[in-house]
Amino acid sequence: SFYEELVSHGFLKPLTAPVKGMVVKEGSCNYVAPQGISSVVKYYLKQSAGADVCYEHHVTHISLRDGKWEVSRKMGPPEQFDVVILTMPVPQILQLQGDIVTIINESQKQQLESVSYSSRYALGLFYEADTQIDVPWAAQYITGNPCIRFISIDNKKRNI
C-alpha cells in the first residue's frame, strides 16, 4: 500500500504520541509526517518521472481536444496535457468554462454545489529550542470552545 511505501522511506511514521480527546477506531492506524506533509507531496512528484507542476495559474477553460486536455488561462496561450489535476476550491471549479461544463453530469454538479466550507485558522507559536512544555500529551482536541479546536506541540507529536 502507499502507506507502507511512505513508511519505508521515512516520510510517514505511525503516530505514537498521546493525543488527548482523539477518537480511535479499532484496527485503524494514524500517521505523522516527521518532515512535514509537503515531504509526501515532494516525494510523489519526484516519483512521477518529470511531472511539470504549474502554480498560480488562473485557469479559465478546460476542453477536450483530440484526446488531450486543453487548458486556457487568463494570461498566456492555451496548453495541452494528458492529465489535469484540479486542486482549486469547488466554487472555482464550477466557474470553469469549456467542455468541463458538459463533462460534469448533473448529479456531480449538484454534489459539488452542495459542498460547504467552514473557516479554519492556524496560529503557530515558536519557542526557544530548549523550552519545555510540561503536559502529558503531544496534541489535544478541545471541545466546547468556539475558537479553539485543536492544539499541538508539533515536535512532540512528530516524535522529533
Side-chain angles (χ1 to χ4, degrees), residues 1-59 62 64 69 71 81-96 100-160:
S1 79
F2 66 92
Y3 286 110
E4 291 166 354
E5 179 182 355
L6 292 170
V7 168
S8 72
H9 288 91
F11 294 105
L12 289 182
K13 289 185 178 177
L15 174 66
T16 57
V19 179
K20 187 176 177 183
M22 181 169 70
V23 177
V24 179
K25 295 179 181 174
E26 191 175 326
S28 68
C29 182
N30 293 294
Y31 295 91
V32 294
Q35 300 161 34
I37 196 65
S38 67
S39 67
V40 173
V41 174
K42 289 173 187 171
Y43 170 75
Y44 281 120
L45 287 174
K46 188 176 178 182
Q47 298 302 311
S48 71
D52 186 17
V53 180
C54 303
Y55 298 98
E56 297 186 29
H57 287 265
H58 185 146
V59 174
I62 299 179
L64 198 52
W69 292 104
V71 177
F81 302 93
D82 295 324
V83 175
V84 175
I85 299 172
L86 302 175
T87 60
M88 62 185 79
V90 170
Q92 291 175 4
I93 292 173
L94 292 171
Q95 291 174 358
L96 290 172
I100 191 79
V101 174
T102 56
I103 291 170
I104 297 173
N105 68 40
E106 194 58 37
S107 171
Q108 292 168 329
K109 185 178 178 187
Q110 287 174 355
Q111 288 176 328
L112 289 170
E113 287 172 339
S114 71
V115 170
S116 66
Y117 293 90
S118 60
S119 297
R120 295 289 185 259
Y121 302 94
L123 169 66
L125 302 175
F126 295 88
Y127 298 92
E128 296 293 328
D130 60 349
T131 302
Q132 295 295 315
I133 301 173
D134 190 26
V135 293
W137 42 263
Q140 178 179 355
Y141 286 93
I142 308 294
T143 57
N145 186 301
C147 297
I148 301 172
R149 179 69 180 121
F150 181 79
I151 57 176
S152 170
I153 303 167
D154 218 47
N155 286 356
K156 198 171 183 181
K157 184 182 77 181
R158 294 183 196 196
N159 202 21
I160 56 173

So Leu86 and Ile62, do their side chains get closer than 4.5 Å, heavy atoms only?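 Side chain of Ile62 against side chain of Leu86, heavy atoms only: contact under 4.5 Å found.
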
Tell me, do Asp82 and Trp69 make a side-chain contact under 4.5 Å, heavy atoms counted?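 The answer is no, as the side chains (C-beta and beyond) never meet within the 4.5 Å cut-off.
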
With Asp130, which residues qualify under salt bridge (charged side-chain N to carboxylate O under 4.0 Å, His left out), at least two apart?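 Salt bridge (charged side-chain N to carboxylate O under 4.0 Å, His left out) list for Asp130, sorted by chain: empty.
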
Show which side-chain atoms of residues 2-13 pair as donor or acceptor with protein atoms under 3.5 Å away, not counting sequence neighbours.
| from | atom 1 | to | atom 2 | distance (Å) |
| --- | --- | --- | --- | --- |
| Glu4 | OE1 | Ser1 | N | 3.2 |
| Glu5 | OE2 | Tyr43 | OH | 2.4 |
| Ser8 | OG | Glu4 | O | 3.3 |
| Ser8 | OG | Glu5 | O | 2.8 |
| His9 | ND1 | Glu5 | O | 2.8 |

For [X] and [Y], work out which heavy atoms get closest and say how close.
| X | Y | answer |
| --- | --- | --- |
| Val59 | Leu96 | O-CD2, 3.4 Å |
| Val32 | Arg158 | CG2-CA, 4.1 Å |
| Met22 | Leu15 | CE-CD2, 4.0 Å |
| Ile148 | Asn145 | N-OD1, 2.9 Å |
| Ala139 | Lys157 | CB-CD, 4.4 Å |
| Ile133 | Lys156 | O-NZ, 4.3 Å |

Could you grab the distance from atom [atom1] of [X] to atom [atom2] of [Y], nearest 0.5 Å is fine?
| X | Y | atom1 | atom2 | value |
| --- | --- | --- | --- | --- |
| Gln110 | Ile104 | CD | CD1 | 12.5 Å |
| Leu125 | Asp154 | CG | CG | 12.0 Å |
| Ile153 | Asp134 | CD1 | CG | 9.0 Å |
| Arg149 | Gln140 | CZ | CD | 11.0 Å |
| Met88 | Ile93 | CE | CD1 | 6.0 Å |

Please check if atom CD1 in Ile160 has more than 12 non-hydrogen atoms from other residues, nucleotides or ligands closer than 6.0 Å.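 More than 12 within 6.0 Å, yes.
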
Can you list every pair that meets ring pair (Phe, Tyr, Trp, His ring centres under 6.0 Å) and has a residue in residues 101-149, with sequence neighbours left out?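 Output for this query lists Tyr141-Phe150.
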
